[in-house]
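Only one structure is covered here, and it is reproduced in the block below.
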2 protein chains.
Amino acid sequence: MRTYGQYCAMARGLDVIGDRWTLLIIRELLLRGPSRYAKLQRGLPGIATNLLADRLRELEANGIVTRNDGVVTLTARGHELEPVMRAIGRWGAPLLAQVTPDAAFQSHWLALPLQELLGDHAPTRPPQALEVRTGEEPLTVHVGHGKVRINPGRPDRPDAIIGGPVRLVLPVLAGRTRLARARVSFEGDRAVLRRLQPKAFA
Amino acid sequence: MRTYGQYCAMARGLDVIGDRWTLLIIRELLLRGPSRYAKLQRGLPGIATNLLADRLRELEANGIVTRNDGVVTLTARGHELEPVMRAIGRWGAPLLAQVTPDAAFQSHWLALPLQELLGDHAPTRPPQALEVRTGEEPLTVHVGHGKVRINPGRPDRPDAIIGGPVRLVLPVLAGRTRLARARVSFEGDRAVLRRLQPKAFA
DNA sequence: CAGCATCCGCTTTGATACTG
DNA sequence: CAGTATCAAAGCGGATGCTG
């Protein structure tokens with residue numbers, strides 16, 4: 001952990017979380033919860049195995065994660081990095097407009113952005129679930145009581161399913177493309193999507 | 001600019017701002033406004049001159065700064081990084097408790113943290129100014145109309161002046177040490193400090 | 001097999017010297 | 001003042017090997 005040697009809150013913060021890959025490891029733990037080494041590695045395509053081991057050691061030494069028989073867990077202090085990740089994600093989101101065909105993609109990476117983009121626009125209706133099929137694993141959007149919650153995996157009984165390549169699905173969920181015009185697959189109750197993102201119908 | 005190659009808002013953001021020194025350059029521009037090369041360099045003790053030149057080129061290429069006859073200015077997109085810097089600063093602030101005698105310090109680095117720590121607890125009274133003398137340059141805290149604004153430099157006519165080493169002054173302004181117990185110098189109207197930080201008297 | 005450690009070539013960073 | 005040039009050191013990425 002190379003330090004900037006500055007008595008400044010931002011520099012001190014970056015001393016701890018500013019190294020390459022460190023914040024992306026935090027991202028994985030925030031989005032997927034406690035994880036084993038191999039699961040982290042799968043969520044971080046491109047990381048060198050020794051780097052992941054190094055970073056986990058540093059994060060542990062800095063009180064950001066703990067490890068118990070191979071399971072890495074964020075500490076309270078680690079969870080406090082969520083606002084940082086949200087701020088970076090919000091700032092970085094416009095960069096997703098840029099097309100790069102060879103970029104890796106995993107659906108759970110959408111969890112934070114989707115939480116910003118979607119809302120419960122019919123909070124009095126009973127809770128519903130939308131299954132999002134993009135990338136390798138499905139993602140579930142739970143909506144109800146005025147809140148939106150996003151989880152990895154498939155819901156027990158989805159009210160609707162939206163599927164297709166990210167670059168088509170994301171604009172629909174962001175409300176920049178209407179569902180009717182997007183070449184994405186949709187099955188089930190359209191009201192779920194309208195509830196989450198009215199602009200998808202406009 | 002080495003990229004993570006991930007279609008993820010956070011990774012894309014970090015592709016642009018995640019390199020070493022990049023965010024600290026942004027910090028300088030946020031805190032000090034448009035600056036020339038030499039001024040940036042002074043605010044970034046430890047940076048290598050070629051690195052600063054490299055980073056400024058990248059930041060310009062990414063639309064985060066512009067340059068006109070040697071003056072570097074944040075673009076609108078660059079200013080949008082302020083929430084990111086605030087989040088990192090808020091997270092990093094507790095790390096300032098750790099003592100490192102050889103760390104560099106410049107008073108303007110306190111501007112963002114102080115804005116979080118201080119408030120206008122007497123918004124109906126006329127505006128006042130507190131001069132903070134710590135580090136090499138003085139810092140002015142303007143308070144009035146329910147708001148706190150912090151600027152580099154000395155006010156025309158300060159209502160009060162607080163001075164001393166950062167590690168003594170900061171706890172007072174943070175409300176963790178009472179003024180009477182802190183070995184800091186204080187001249188002028190104590191009401192200004194009470195207005196900004198009531199806990200300094202408790 | 002999961003969880004690393006080691007080795008190696010390449011890239012980035014840091015320190016210093018120098019220039020229009 | 002605002003950089004460029006040079007070079008050593010550190011960090012990173014990829015492959016491979018080891019150990020419970």
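Residue numbers begin at 1 in each chain, while the letters A, B, ... track the order of the sequences.
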Quick check: on DNA chain D, is the nucleotide nearest A:Arg55 upstream (toward 5') of the one nearest B:Asp54, or the reverse? Name the residue that is more 5'. B:Asp54

Which whole-number value in Å describes the distance from [X] [atom1] to [N] [atom2]?
{"X": "A:Leu52", "N": "D:dG11", "atom1": "CG", "atom2": "P", "result": "18 Å"}
{"X": "A:Asn50", "N": "C:dG9", "atom1": "CG", "atom2": "P", "result": "16 Å"}
{"X": "A:Gln41", "N": "C:dG3", "atom1": "CD", "atom2": "P", "result": "9 Å"}
{"X": "A:Lys39", "N": "C:dG3", "atom1": "NZ", "atom2": "P", "result": "12 Å"}
{"X": "A:Arg20", "N": "D:dG13", "atom1": "CZ", "atom2": "P", "result": "5 Å"}
{"X": "A:Leu56", "N": "C:dA2", "atom1": "CG", "atom2": "P", "result": "16 Å"}
{"X": "A:Leu51", "N": "D:dT16", "atom1": "CG", "atom2": "P", "result": "18 Å"}
{"X": "B:Asp15", "N": "C:dT12", "atom1": "CG", "atom2": "P", "result": "13 Å"}

Phosphate contact ([N] OP1 or OP2) by [X] side-chain N/O below 4.0 Å:
{"X": "B:Arg67", "N": "D:dG3", "value": "yes"}
{"X": "A:Arg57", "N": "C:dA5", "value": "yes"}
{"X": "B:Arg42", "N": "D:dC1", "value": "no"}
{"X": "B:Trp21", "N": "C:dG14", "value": "yes"}

I want to verify a distance call: between D:dG13, C:dA15, D:dT4, whose nearest atom is closest to the B:Ala53 side chain? D:dT4

With a 4.0 Å cut-off on heavy atoms, is A:Asp19 in touch with a base, just the backbone sugar-phosphate, or nothing at all? nothing

The residue among B:Arg27, B:Glu28, B:Glu137 that forms side chain to side chain donor-acceptor pair (under 3.5 Å) with B:His108 is B:Glu28

For atom CZ of A:Arg181, is the number of surrounding heavy atoms from other residues, nucleotides or ligands below 6.0 Å larger than 12? no

Specify the closest pair of heavy atoms between A:Pro127 and A:His145, including all atoms of both residues, with the distance to one decimal. CG-NE2, 3.6 Å

Does B:Glu80 come within less than 4.0 Å of B:Arg77, counting only side-chain N to carboxylate O?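 Looking at B:Arg77 together with B:Glu80, the answer is yes, because their closest N to O distance falls below 4.0 Å.
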
Go nucleotide by nucleotide along DNA chain C from the 5' end; which of A:Arg36 and A:Arg2 gets its closest nucleotide reached first? A:Arg36

Steps toward side-chain contact (heavy atoms from CB on, under 4.5 Å) verdict (B:Leu24, B:Trp21): CA-CA 5 Å; B:Leu24 292 187; B:Trp21 289 108; 4.0 Å; yes

